[in-house]
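What follows is a set of notes on a single structure, which appears directly below.
Heavy-atom basis, side chains included; hydrogens, waters and symmetry copies ignored. Quantities reported herein were computed from a predicted structural model and do not represent experimental measurements. Nothing fancy with the numbering, it's 1 onward along the sequence. Each ligand, and each atom within it, is numbered from 1 in the order the structure gives.
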Amino acid sequence: MTIRLYDTRAQALRDFEPLVEGKVGLYVCGPTVQSSPHIGHVRSALVYDILRRWLSYRGFDVTLVRNVTDIDDKVLANASESEHWWALAYRVELEFTAAYRAIGVLPPTYEPRATANVPQMHELIQRLIDSGHAYAAGDGSGDVYFDVRSWADYGALSHQSVNDMQDAADADPRGKRDPRDFALWKGRKDSEPASATWSSPWGPGRPGWHIECSAMSSRYLGPEFDIHGGGLDLRFPHHENELAQSAAAGDGFARYWVHNGLVHINGQKMSKSLGNSLYAAELLASAPPIVVRYALGQAHYRSIIDYTDRSLAEAAAAMERIEGFLSRSARRLEGTRFTSAELPVIPDEFAAAMDDDLSVPQALAVLHDTVREGNTALDSEDLQTAASARGKVVAMTRVLGIDPLAPEWNTTRDTAARAALDALVTRLLDDRQTARAAKDFTVADRIRDELVAAGITIEDTQTGAHWSIEGD
Ligand SMILES: [Zn+2]
C-alpha cells in the first residue's frame, strides 16, 4: 500500500512517506473569522477531513492542526462600535465550528488561535532578522518586512520568478526595500484599537497574516512536518510566504503541499462583488447535512466544484440509493444466518482509488456499483452476496463519513429539531408575556395550557419564563 498525493511544489504525484513512521502531521489553514462561513470554506475543511479519515484508516496516527486567524486586517475592518473585533472573531469562529460539525467534519486535534501565539511569532521574526532575511522598516511605521530578494527560493511553491510577482499590498510600500516584501509585523496605527495591539521588540503592533501559520504549525507540529493543506487561492501569496519565512529561518517546514480546488456557483467564480456567495447556513437550510456533505465531498479534491441549483437534489438522490439499500438489506437479512457475512470490509478497488491522490469519484463509483450488486442480489434472493455487499457499503460509507446510520447524523437531526423547537416555544412564551402585560389572562393561560398539554414544563422565574420537556 502506497498513498500518492499531488504535491504543488513538485507539480507531480509523489509517494507519501511520513517524516516519522506511522505518524502524520497535517496543518490546514483555517478561516479568518471575519464573516460567516461560505460553501468554499466548508468544502476545504471537508477535503482535509476525508484525507485525515483515509490516512487514519491506513493506520497512521494523524495530528491535524487547523488554526483560527482571529486577528487580521479584515477582522478589524468588519468590527464595529457595537461589536469589538474580538467579539466578532469569536462569534464567527462559533459559526464555523457549528458548520463543520453539522456536516461531520471531525474536530482538529488542535485548533490554535493566532492571538494566543504572538510570542512564537516574535521569536520567528527575530530569527529572520538575525539571519538577514527580515528588516524593520526605516520609515518609523514599526513594520517589519520579509526581504524577498534575500531568499533565492522565493517563488518555489507557486513557480513564479520574483520579477513577475504582484506587489504585496499589505502595507504602505514606502518603508519597503522591494514592493514585494511582505509584512511580518505591522506597527500600530492610530485608527486601530488598543486592544488589537501587542508590544514587541520593534514597537507596538500586531502580526502579519502569513507569520501566524508559520509560528503555529511549528509550535504544534514541529519545525518540519508532513502535509500542509489549504485552498488553491492560498497558494500565493499566503503559502509562498509561509514557506519562504519558515525555510529562511531554518525550519524544514511542510514536506508535501496539498491544495484543494475552489467552488464556483452556476459556472461563475464566487465573489462579494458578484453577490453570489453561498453561505453554509443557506446550504444547511436547503438539505440534510449528510446530503450537503455528499454534494461537496464527491468531487476530486483538486477539481473545481460547480455548484448549481441541481447539486443538492443529485446528492440527495445518490444518498437515497445508498440509504435505501442499507434499509432494504437490513430488513431482508434480519434474523437470517447471513448477517454474519456482513463484516465491514473495504473493497480493494475502493482502497486503490483513495490511495491514488484521494480519488473520491472513483471510490464512489465502487460504492454505487456495490449498492447495485447488493440490490440485484436481494432481487434474486442471493442473501450471501447481499450480506457481503452490505458489509462493504457500510465500510466505505463509514470511511467517507457518509454512513447514514452513523450516530452523528441523528445527533445533528436532534440538535436541529431542538433548535427549531426552542425557536417556536420561545415565540409562544413571548406571546404569553405580551398577553399578561396587557392583562389578557385568558390568552396567557390558554398558551400555557397548550404548552403543558404538549408535554412542556414552564417555570416562571425572575429572568422570565423557562421551558423544558418533561423527562429531560
Ligand atoms: Zn495559513
Side-chain angles (χ1 to χ4, degrees), residues 7-9 24-35 37-38 40-49 51-52 63-76 89 92-93 96-97 100 105 108-118 120-125 128 146 148 154-158 168-170 182-186 206-249 251-262 301:
D7 178 10
T8 307
R9 180 161 46 174
V24 176
L26 170 57
Y27 185 88
V28 179
C29 287
T32 298
V33 280
Q34 50 162 330
S35 54
H38 60 58
H41 295 120
V42 178
R43 194 257 173 124
S44 183
L46 187 52
V47 162
Y48 301 102
D49 184 61
L51 174 61
R52 174 209 209 165
T63 302
L64 169 62
V65 177
R66 189 185 65 219
N67 72 295
V68 177
T69 293
D70 58 346
I71 181 69
D72 185 64
D73 292 358
K74 294 170 188 163
V75 175
L76 291 175
V92 174
E93 182 187 319
F96 271 86
T97 304
Y100 294 151
V105 170
T109 319
Y110 308 115
E111 192 170 23
R113 294 190 185 123
T115 51
N117 290 272
V118 174
Q120 286 72 19
M121 297 173 206
H122 287 167
E123 187 267 334
L124 183 54
I125 294 169
L128 287 167
F146 184 84
V148 299
Y154 191 62
L157 182 67
S158 51
D170 57 357
F182 57 89
L184 303 171
W185 188 254
K186 298 184 169 193
R206 59 186 172 88
W209 174 30
H210 317 300
I211 199 75
E212 298 182 354
C213 286
S214 283
M216 286 185 274
S217 58
S218 74
R219 182 176 186 185
Y220 292 93
L221 294 171
E224 186 173 9
F225 56 93
D226 295 294
I227 304 170
H228 193 313
L232 196 57
D233 52 336
L234 297 181
R235 185 177 46 170
F236 184 86
H238 184 51
H239 289 168
E240 189 72 62
N241 293 352
E242 282 185 30
L243 173 60
Q245 66 207 0
S246 288
D251 290 351
F253 211 51
R255 292 155 58 89
Y256 297 82
W257 285 88
V258 173
H259 287 99
N260 63 276
L262 305 183
Y301 76 89

Report task. Answer yes or no for C29: is there an N/O/S atom below the 2.8 Å cut-off from the Zn ion (ligand 1)? Result -> yes
**Report entry** H238, N/O/S atom nearest the Zn ion (ligand 1)
**Finding:** NE2
Requested in this report: Could you confirm whether E212 has any N/O/S atom lying under 2.8 Å from the Zn ion (ligand 1)?
Outcome: no
Report task. Measure from the ring center of H239 to the ring center of H259 and say whether it is less than 6.0 Å. Result -> yes
Query raised in the report: CG of D251 to CD of E242: how many Å apart, nearest 0.5 Å?
Result: 12.0 Å
Query raised in the report: Is a salt bridge present between D72 and R206, judged by a nitrogen-to-oxygen distance below 4.0 Å?
Result: no
Query raised in the report: Has H239 got an N/O/S atom less than 2.8 Å from the Zn ion (ligand 1)?
Result: no
Query - Atom name in E242, limited to N/O/S, at shortest distance from the Zn ion (ligand 1) - result: OE2
Query - Exercise: identify the closest heavy-atom pair between R66 and P112 - result: O-CD, 3.8 Å
Query raised in the report: To the nearest 0.5 Å, what is the distance between CG (L26) and CG (L64)?
Result: 5.0 Å
